[in-house]
*Asks:* 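Please read through the structure below; I'll follow up with questions.
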Amino acid sequence: RMQLLLRENLASLGRMAAGIAHELGNPLTGISSLVQLVKRRRRDDSFIVEQLNLVHDEINRLTRLTHQMVDLARPEDTGKKNFDIMPSLNKAFQIARLDPKLRKRIVKMPGDAPPVLVEANEDAVVQIVMNLLFNAADFTDENGLITVEVKHGADAMVEIRVTDNGSGIPEADQPHIFDPFFSGKKSGEGAGLGLSVSHSLARSFHGSLELEKSDPGGTTFLLKLPCKGT
Ligand SMILES: Nc1ncnc2c1ncn2[C@@H]1O[C@H](COP(=O)(O)OP(=O)(O)OP(=O)(O)O)[C@@H](O)[C@H]1O
Ligand SMILES: [Mg+2]
């Protein structure tokens, strides 16, 4: 779980870096044009031109750096392949169950079922489902019930639902749950990254993650993954 959190933190740091890099782009473009303008006005002063050329080189260097930062954080499309979702769900369950809290919940996994092929990144799917299981465990009491269901939905998407009978998400919190660093847990207990990372991962292979239902009786998250066209 530590490793998972570390990976999530890195991913979110990457997105933050990309956000900053992107915002740096605008002032850099502005400074660059101003330097060009002054250079043209003072083209007879060789000392000024020389200094401004240095400034310009440095601006270019910063611009390249910001592009690199954005590239680094771009969720890769790589690692996308067709696979049967059922063993991945099981894998997520097996790993998540190492967490003592989850072991004290009743988890109903889909029973023996024919293969359900999806097109996604297998590691990422395991990570998303684990995050949903951890959250479900965090917000249910001991002996709480968590259910994982799979079915073919509309628009060639496979639908995976993770449902718990826990406390539900307060209505005021619902619009924020996918924001990075939003956590409804006591301060220090949640990084608030699980859902935001899972949401970006799902989108990176053209799936989606949404809150389908939440009330004081429990919560259902719906993960949709592109299904392999037959
Ligand atoms: N199944 C759930 N039941 C009730 N509230 C939930 C559930 N899942 C998510 N939430 C709410 O959404 C918030 C954000 O969830 P998220 O997984 O992103 O962060 P976290 O669990 O607080 O921290 P982290 O996952 O980084 O350890 C939670 O803190 C909680 O308030
Ligand atoms: Mg979480």
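Remember, it's 1-based here, ligands and their atoms both numbered in the order they're listed. The basis for the numbers below is simple: all heavy atoms, side chains too, and nothing from hydrogens, waters or symmetry mates. Being a predicted model, the structure only gives us computed values, none of them experimental.
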*Asks:* If you take all heavy atoms of H176 and F182, which pair is closest and at what distance?
*Replies:*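 Minimum heavy-atom contact is O-CB, 3.3 Å.
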*Asks:* Just by modelled atom types, is the I59 backbone N or O under 3.5 Å from a matching donor or acceptor in the T63 side chain?
*Replies:*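 Yes, the answer is positive, given that a donor and an acceptor are paired below the 3.5 Å cut-off.
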*Asks:* Tell me whether F221 reaches ligand 1 (any heavy atom closer than 4.0 angstrom to a ligand atom).
*Replies:*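 It does; at least one heavy atom falls under 4.0 Å.
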*Asks:* Examine S196 against ligand 1 and note whether any of their N/O atoms are separated by less than 3.5 Å.
*Replies:*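 N/O-N/O distance below 3.5 Å does not exist for this pair.
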*Asks:* Test of understanding: given a 4.0 Å heavy-atom threshold, classify the contact between T219 and ligand 1 as side chain, backbone, both, or neither.
*Replies:*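 Under 4.0 Å from ligand 1, T219 contributes side-chain atoms alone.
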*Asks:* Give the single entry among S198, G184, A137, P170 that approaches atom 29 (O) of ligand 1 most closely by any heavy atom.
*Replies:*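 That would be G184.
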*Asks:* Quick one: does G166 get a heavy atom under 4.0 Å from ligand 1?
*Replies:*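 Heavy atoms of G166 never come under 4.0 Å of ligand 1.
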*Asks:* Any chance CZ of R103 has more than 12 other-residue heavy atoms, nucleotides or ligands included, within less than 6.0 Å?
*Replies:*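 Yes, because the 6.0 Å sphere around CZ of R103 holds more than 12 heavy atoms from other groups.
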*Asks:* Would you say N131 contacts ligand 1, with heavy atoms under 4.0 Å as the rule?
*Replies:*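 The answer is no: ligand 1 sits nowhere under 4.0 Å from a heavy atom of N131.
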*Asks:* Regarding S183, does it place an N, O or S atom less than 2.8 Å from the Mg ion (ligand 2)?
*Replies:*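 Given the 2.8 Å cut-off, S183 does not count as a ligand of the Mg ion (ligand 2).
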*Asks:* Evaluating non-hydrogen atoms only, which member of G168, G192, S183, S167 is closest to atom 19 (O) of ligand 1?
*Replies:*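 The option holding the nearest heavy atom is G192.
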*Asks:* For ligand 1, is there an atom lying under 4.0 Å from some heavy atom of D173?
*Replies:*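 No, D173 has no heavy atoms under 4.0 Å from ligand 1.
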*Asks:* May I ask you to decide if the ring planes of F221 and F178 are parallel, tilted or perpendicular, using 30° and 60° as cut-offs?
*Replies:*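 Rings of F221 and F178: perpendicular, over 60°.
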*Asks:* Check this for me, if you would: do E149 and K151 make a salt bridge, where the nitrogen-to-carboxylate-oxygen distance has to be below 4.0 angstrom?
*Replies:*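 No, this pair does not count.
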*Asks:* Is the closest side-chain donor-acceptor distance between S198 and N131 under 3.5 Å?
*Replies:*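 Yes, side-chain donor-acceptor contact under 3.5 Å.
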*Asks:* According to the salt bridge (Lys or Arg N to Asp or Glu O under 4.0 Å) rule, which pairs have a member within residues 35-44, sequence neighbours left out?
*Replies:*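 Salt bridge (Lys or Arg N to Asp or Glu O under 4.0 Å) check on residues 35-44 returns R42-D45.
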*Asks:* Less than 3.5 Å between some nitrogen or oxygen of D164 and one of ligand 1, yes or no?
*Replies:*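 So ligand 1 has an N or O lying under 3.5 Å from an N or O of D164.
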*Asks:* Could you pull out, from G194, G190, G218, the option with a heavy atom nearest to atom 25 (O) of ligand 1?
*Replies:*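 Nearest heavy atom to atom 25 (O) of ligand 1 lies in G194.
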*Asks:* Check the surroundings of atom CG in D57: do more than 12 heavy atoms from other residues, nucleotides or ligands lie under 6.0 Å from it?
*Replies:*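 Counting neighbours around CG of D57, more than 12 heavy atoms of other residues, nucleotides or ligands fall under 6.0 Å, so yes.
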